[in-house]
Structure formats: C-alpha cells, structure tokens
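Please read the structure below before turning to the comments.
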Amino acid sequence: MDRNTITGILLIAAIMLGYLYLTAPSENDLKKQKRYNDSIANVSKEQEKKYNESLKKDSVKNVVVNPTDTSASVRDSIKNAGIKNKYGVFATALNGTDGELFIENEFIKATVNKKGGRISKVQLKNYKRYDSTSLILFDKDSSSFGLDLETPEDVFNTQEFYFDPQGASVNVTGDKKGTLSMRLNAGEGKYIEYEYSLAGNSYMLHCKVNIVGMQSVFPKRISALNLHWSMQAPSQEKDAKNQRMASTAYYKYLDESPDYISESKNDTKTLDARTKWVAFKQQFFDAVIIADNYFDKTGANLTSVNGTDSSRYIKSFATNLGIPIDHKDRESFGLQFYFGPNEFRTLKSFDLELEKLVPLGWGIFGWLNRFLVIPIFRFLSSFNLNYGIIILILTIIFKILLFPIAYRTYMSSAKMRVLKPEIDEINKKYEGKDPMEKQQATMGLYRKAGVNPLAGCIPVLLQMPILIALLRFFPSSIELRQQGFWWVKDLSTYDSIWNFGFDVPFYGDHMSLWALLMTASTVLYTWSNSQIMGSQQQLPGMKFMMYAMPILFLGFLNRYSSGLSYYYFLANMITFAQTTLMRRFIDEDALHKKIQENKKKPVKKSRFQERLEQMQKERMKQVQKKK
C-alpha cells in the first residue's frame with residue numbers, strides 16, 4: 001500500500017457516497033410513492049375481477065406488469081408467467097377435474113386415475129386377503145407411475161398433470177379385448193398418451209406409450225425418457241414376517257437369466273444393461289412391468305426396502321427405467337403389466353422366464369420341483385380333491401418311488417446289526433492300542449463279509465434332494481393358499497391351536513399342532529431306530545443330538561407352512577411302517593448265515609483298498625519305530 005493506492009481508494013469511496021446522496025429520493029417523491037401504493041391497495045374487487053378475466057384471455061407472455069404494482073391480480077399474473085416458463089406447453093394441463101375410470105375383466109380390476117393417467121389401483125378378483133377382504137395389489141396412496149419430462153426451465157413428472165380420457169370405462173369378457181386411452185395434451189397436435197388394453201381371460205394388461213408432436217419440446221440431447229414406477233406392498237398374508245422374507249424385486253436383462261435383490265436387506269441395484277422386465281414380487285402375487293423390446297439403461301435402477309413390523313406395508317419397491325426416443329413426429333413404446341398370482345404354470349405360459357419368480361430352489365432342487373413335484377401335484381389337483389388328501393397321495397407316491405433306497409438302507413443297517421458281536425470283539429481286542437490297527441481290522445471284517453458301511457448313508461443322501469425340494473415347494477405353492485384341512489385354515493402358512501399373546505424366544509407367539517406332531521413322529525422314529533441298532537457306533541453325545549435336533553427344528557417349523565409339517569409327519573409315519581414291515585419279513589439269522597459264507601470266499605481287493613492298506617502298514621511301521 002503506497003500513497004497513490006490509498007488516494008485512489010479514498011476517491012472511489014467519495015464518488016460512491018456522492019452518487020448515493022445525489023440519487024436519493026426527496027420527501028416529495030416518497031409522498032408520491034406512498035399515495036400511489038395506497039391507491040393500488042384500494043382498487044375495487046370488481047376491477048380486480050375484470051383484470052383477471054382479461055389475463056385469462058391474453059397470453060401470459062404478453063402481460064406487461066408494472067414492477068411497483070403489488071395488487072393480487074398482478075401477483076397472480078407473475079405467478080402464471082412463472083408456471084408458463086416452468087411447464088411450457090404442459091402448463092394448461094395443471095388444472096383439471098380428478099376422477100377415475102376402470103378397465104377390468106374376470107381376473108383383475110384396474111383403476112385409471114385422470115390425474116397422471118396412471119393405473120392407481122389393482123384388485124385381483126379371484127383372491128382374498130387372509131381376513132377375507134378384497135385383495136388389493138396396490139392403491140393410489142401406495143403407488144406412483146409417470147414419465148419425467150424436461151423443458152429448458154425445469155424437470156417434472158406426468159403425475160402432476162390431468163389427462164383427458166379418450167373413452168369410457170371398459171369391462172371385457174371371454175376372448176374379447178377392450179381399450180382405454182388417457183391423453184396429456186400439450187397443444188394442437190401434441191400429446192402423450194397411455195393406451196391401455198386388456199383381454200377378457202388374462203392377467204396381462206398391455207400399455208402403449210404414444211408420443212406425438214413432441215420432437216420440438218424435448219431437448220435433442222436426451223435419448224430416453226425416465227419412467228418412474230413405485231409401490232408399497234401391503235400385508236396380504238397371515239404371517240407378515242414370512243411374507244416379507246419371501247418378497248423382493250426381480251429384474252431380467254435382455255439376454256440374461258433373471259436375478260433378484262436380497263430379500264433380507266435394503267438394497268439398490270443399478271440396471272447397467274438393457275432390461276426386459278422388472279418385477280415387484282410378493283409371497284404369492286406379482287406386479288411386473290415388461291417391455292415389448294427393452295428398457296434403456298440410462299439412469300435405470302431398482303430399489304427394495306423392508307417395511308417395519310408395525311407398518312401395514314411389508315416392502316417398498318421403486319424402479320427407474322428408460323424409454324428410448326428418436327425425436328420423431330410420432331413414436332410408440334409398447335409395454336405390458338402382469339398383475340396376478342405367483343403361479344408357475346401361469347407365469348411360464350408367457351415365455352418370458354417369469355416362472356423364475358417362483359422360488360423352487362437352485363440346481364437339482366429346482367429341477368425336482370419343476371419336472372417331478374409340480375407335474376404330480378398338478379395332476380392330482382385336476383381331480384378336485386382336498387389338498388390335504390393330495391399331500392397324502394403325493395407322500396405315498398414319493399415313498400413308493402424311494403422304497404428301493406429305503407430297502408437298501410434297512411439291509412445295510414441289518415448287516416451292521418448282525419456283525420455287531422464281531423465288531424465288539426475287535427473293539428475289545430484293540431482297546432488301548434493304535435486306532436489305525438483297530439480300523440484296519442474292522443475294515444477287513446466288512447470286506448470279508450461283503451458289507452459296505454457307507455451303504456446306509458448313500459441312500460439317505462439320495463433322499464435329501466427331494467426333502468429339500470419340498471422345503472421350497474410348499475411355502476411358495478399358491479395352490480395351498482387359504483386351502484383348509486381338518487383344523488388347518490391355510491396350508492400355506494402355520495396352523496395355530498393356541499395363541500400365547502406374547503413371543504417365546506426361538507419359538508414364536510403360537511403353537512402349531514402339525515409342527516408338534518411332526519416333531520413327535522421324528523423323536524418316535526429316532527427312538528425306534530436306536531432300539532433296533534442298540535448303542536452300536538454311537539459317539540459320545542450323539543444320542544443327545546439325535547433327540548435334540550428335532551426339538552430345535554420345532555422352532556423353525558412352528559411358523560412355517562403347515563402343509564410342509566403335515567407332509568413330513570406323513571413321511572415319518574410311512575417310513576416307520578415300512579421299517580416295521582421289513583423287520584418282520586427279513587430273516588436276520590439267514591442274513592447272518594449268508595454273511596458268514598461270504599467271509600469264506602476269496603476277497604478281491606481294489607487298487608484303492610490296496611493303497612489304503614499299504615498306507616496303514618507304513619504308518620504302523622512309523623509308530624513302532626517311534627516306540
């Protein structure tokens with residue numbers, strides 16, 4: 001800071017102060033402004049009304065406003081001018097009359113709202129909630145659907161505007177088809193239209209998005225319009241917790257298999273490829289949006305959020321999908337909505353891999369359900385039998401199919417049983433000696449007798465895929481939903497004979513009778529086997545675990561599908577009966593005699609057995625050398 005700099009700053013400050021003094025209004029000017037403002041405030045309501053009417057007739061762009069005029073009419077004109085600048089050609093559609101139209105058939109009833117032109121409510125006519133009220137997939141307050149529109153001033157959504165119906169409500173039957181169109185007008189020859197169509201015998205509702213005359217409205221830089229769709233899934237079932245765990249969002253890329261977001265946590269998935277469809281899956285019902293071609297990946301994503309235990313909604317779903325545009329005079333984008341049951345045969349009929357929404361299990365478990373369980377179950381259902389009887393017949397069929405395995409399992413245990421005295425002698429002989437020697441002697445006895453100690457394990461392992469497959473089938477089978485049998489009102493969920501009114505840790509707030517019967521039958525079967533086998537080869541603590549596992553499993557079954565507990569109970573009782581019959585008809589003395597004859601025959605060793613014996617001999621030499 002030198003003298004010249006300080007002098008310059010002082011001169012600039014003096015000039016600014018002088019300018020403010022010279023341009024300040026005089027007392028006469030202030031009085032005139034006050035009188036002018038007072039006169040504006042005293043304008044009669046009649047004059048203000050006439051002025052507003054004139055504004056409606058004139059274009060908002062042509063309104064000339066005195067900046068000192070603060071009347072209500074002028075403020076409104078300024079507001080209207082701002083609305084016009086923000087919404088452009090869509091501004092006139094902000095005002096309208098709300099109302100509803102319907103498009104329905106014998107399966108679904110879809111409500112179409114004038115505001116937003118969207119499907120705001122869907123009722124599935126052939127299904128009820130657990131409390132026997134109408135089953136509403138979603139309603140106006142729990143859903144949203146609209147296109148994001150962009151003007152030079154702002155971005156907004158079609159849900160803000162009123163659409164003009166191009167027809168009346170539609171109710172179609174049989175193989176007929178009905179159409180309902182909703183149009184968002186944007187001036188002469190310019191509009192966005194949702195054209196809904198529905199056949200009389202389908203859960204699939206078609207929608208065509210027609211964009212006409214909008215090539216000069218949308219900015220040239222955008223290649224896709226963002227379609228936003230969201231819904232909150234209401235509680236439909238008796239057990240909201242199980243429904244929540246079975247509900248999630250699925251998606252399918254154009255050239256890939258369907259995938260899904262985790263059911264147990266909140267998550268958002270970026271859809272980074274062209275998408276064929278997105279599904280909001282509940283336990284037994286689906287809401288799916290499907291592109292005729294594909295959805296663009298621009299800004300596409302998918303979100304699933306868990307509801308709380310106190311909420312009436314079990315999940316919240318949302319997706320953003322891109323609708324490609326080419327800035328032509330007329331464009332159409334075709335899509336479909338599936339609003340219906342999560343039923344395998346129905347979903348498979350569309351040939352879109354929608355049947356993957358039914359959680360049948362992965363790998364071999366899914367194949368067993370798809371190619372064995374479902375065909376048999378569907379065949380039995382065609383006779384209009386009670387589903388409790390169908391499960392009984394299904395259990396008998398599976399037990400017949402698995403009987404050769406059960407027979408081999410029993411024969412293996414019988415052979416081990418008749419060899420027990422000899423095995424006890426080996427254990428006594430090698431007590432306190434090298435365990436490898438005892439093992440070698442035991443294996444030698446098995447080899448001479450022609451007994452495979454693993455023969456009893458392999459058949460059990462072969463049965464496990466069917467047991468696990470059914471573990472996935474019963475809770476996801478909509479055929480069992482709200483189907484009663486004896487005291488059970490709904491085979492797809494738990495049966496309760498006593499509600500405690502409080503929650504018991506690891507058990508629940510109720511008592512399921514089928515779960516108790518299944519547990520009791522498992523304990524009975526375990527006890528019966530232990531009586532037959534005695535204490536043979538039972539490790540310390542094994543006996544306790546054999547009885548503890550069914551009781552621990554009770555906490556899981558108590559709130560699971562009663563149809564599954566019923567099946568396991570039947571399977572246990574049939575297995576118990578089979579074991580009793582085989583024990584009665586198989587002569588263990590004759591079996592022991594045959595084993596003794598096998599011991600006299602020369603034994604042919606496999607290469608694996610020779611290598612195993614060589615390894616055992618080398619280990620014994622090392623042990624002796626150390627001693």
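For the single chain, residues carry numbers from 1 onward in sequence order.
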Under a 4.0 Å threshold between the charged nitrogen and the carboxylate oxygen, would Lys328 count as salt-bridged to Glu331? no

Only one of [options] passes ring-ring contact (aromatic ring centres under 6.0 Å, His included) with [X]; say which it is.
{"X": "Phe280", "options": "Tyr250, Phe285, Trp229", "answer": "Trp229"}
{"X": "Tyr567", "options": "Phe377, Phe473, Phe474", "answer": "Phe474"}
{"X": "Phe339", "options": "Tyr127, Tyr203, Phe138, Tyr196", "answer": "Phe138"}

Looking at side-chain heavy atoms only, is the closest gap between [X] and [Y] below 4.5 Å?
{"X": "Phe344", "Y": "Ser477", "result": "no"}
{"X": "Ser169", "Y": "Asn171", "result": "no"}
{"X": "Ile390", "Y": "Leu491", "result": "no"}
{"X": "Leu360", "Y": "Val373", "result": "no"}
{"X": "Lys208", "Y": "Ser197", "result": "no"}
{"X": "Leu354", "Y": "Ile290", "result": "yes"}
{"X": "Gln336", "Y": "Phe350", "result": "no"}
{"X": "Asp98", "Y": "Tyr162", "result": "yes"}

Val209 and Leu227: side-chain contact (heavy atoms from CB on, under 4.5 Å), yes or no, with the steps? CA-CA 11 Å; Val209 181; Leu227 172 63; over 6 Å; no

Main chain of [Y], side chain of [X]: is a donor-acceptor contact present, judged purely on distance under 3.5 Å?
{"X": "His206", "Y": "Gly334", "result": "no"}
{"X": "Gln483", "Y": "Tyr387", "result": "no"}
{"X": "Asp286", "Y": "Val288", "result": "no"}
{"X": "Gln243", "Y": "Lys238", "result": "no"}
{"X": "Lys115", "Y": "Glu160", "result": "no"}
{"X": "Tyr294", "Y": "Ala273", "result": "no"}
{"X": "Lys190", "Y": "Ile211", "result": "no"}
{"X": "Lys315", "Y": "Ala249", "result": "no"}

Lys128 meets the salt bridge (Lys or Arg N to Asp or Glu O under 4.0 Å) criterion, sequence neighbours left out, with none

Spacing of [atom1] belonging to [X] relative to [atom2] belonging to [Y], to within rounding of 0.5 Å:
{"X": "Phe337", "Y": "Leu198", "atom1": "CZ", "atom2": "CG", "value": "12.5 Å"}
{"X": "Thr319", "Y": "Leu271", "atom1": "OG1", "atom2": "CG", "value": "5.5 Å"}
{"X": "Arg481", "Y": "Ser561", "atom1": "CZ", "atom2": "OG", "value": "13.0 Å"}
{"X": "Asn306", "Y": "Met245", "atom1": "CG", "atom2": "CE", "value": "8.0 Å"}
{"X": "Ile325", "Y": "Phe333", "atom1": "CD1", "atom2": "CZ", "value": "12.0 Å"}
{"X": "Leu357", "Y": "Thr248", "atom1": "CG", "atom2": "OG1", "value": "10.5 Å"}

Phe383 vs Phe379 aromatic rings, parallel, tilted or perpendicular, using cut-offs 30° and 60°? perpendicular

Using 30° and 60° as the class boundaries, would you call the ring planes of Tyr566 and Phe485 parallel, tilted or perpendicular? tilted

Decide yes or no on side-chain contact (heavy atoms from CB on, under 4.5 Å) for Val278 and Phe295, but give the supporting numbers first. CA-CA 10 Å; Val278 166; Phe295 293 108; 5.8 Å; no

Contact summary for [X] and [Y], nearest pair of heavy atoms:
{"X": "Ile192", "Y": "Met214", "result": "CG1-CG, 4.5 Å"}
{"X": "Arg472", "Y": "Gly361", "result": "NH1-CA, 3.9 Å"}
{"X": "Pro165", "Y": "Lys114", "result": "CG-CE, 3.8 Å"}
{"X": "Asp164", "Y": "Gln166", "result": "O-NE2, 3.0 Å"}
{"X": "Pro234", "Y": "Gln282", "result": "O-OE1, 3.7 Å"}
{"X": "Trp277", "Y": "Leu352", "result": "NE1-O, 2.9 Å"}

State, without any angle test, whether [X] and [Y] hold a side-chain donor-acceptor pair at a distance under 3.5 Å.
{"X": "Asp131", "Y": "Thr133", "answer": "yes"}
{"X": "Tyr191", "Y": "Asn210", "answer": "no"}
{"X": "Thr158", "Y": "Tyr194", "answer": "yes"}
{"X": "Ser144", "Y": "Ser230", "answer": "yes"}

I'd like to know whether [atom1] of [X] has more than 12 heavy-atom contacts from other residues, nucleotides or ligands below 6.0 angstrom.
{"X": "Lys265", "atom1": "NZ", "answer": "no"}
{"X": "Arg183", "atom1": "CZ", "answer": "yes"}
{"X": "Trp487", "atom1": "CH2", "answer": "yes"}

Are Arg312 and Ser235 close enough, and set up right, to give a side-chain contact (heavy atoms from CB on, under 4.5 Å), and what steps lead you there? CA-CA 6 Å; Arg312 58 186 289 255; Ser235 175; 5.8 Å; no

One pair to check against side-chain contact (heavy atoms from CB on, under 4.5 Å): Lys121 and Lys140. What are the steps and the verdict? CA-CA 6 Å; Lys121 181 179 178 181; Lys140 179 181 177 181; 5.8 Å; no

Checking Asp329 now: which residues fulfil side-chain contact (heavy atoms from CB on, under 4.5 Å) with it, not counting sequence neighbours? Gln215

Side-chain donor-acceptor pairs under 3.5 Å in residues 99-106, sequence neighbours left out?
{"residue": "Glu104", "atom": "OE1", "partner": "Lys125", "partner atom": "NZ", "Å": "2.7"}
{"residue": "Asn105", "atom": "OD1", "partner": "Phe107", "partner atom": "N", "Å": "2.9"}
{"residue": "Asn105", "atom": "OD1", "partner": "Ile108", "partner atom": "N", "Å": "2.9"}
{"residue": "Asn105", "atom": "ND2", "partner": "Ala199", "partner atom": "O", "Å": "2.7"}
{"residue": "Asn105", "atom": "ND2", "partner": "Ser202", "partner atom": "O", "Å": "2.8"}

Face-on cation placement of Arg118 at Phe145 ring, 6.0 Å and 45° thresholds: no

Where do Phe163 and Phe161 land on the ring pair (Phe, Tyr, Trp, His ring centres under 6.0 Å) test, with the steps shown first? CA-CA 6 Å; Phe163 283 61; Phe161 304 106; 8.0 Å; no

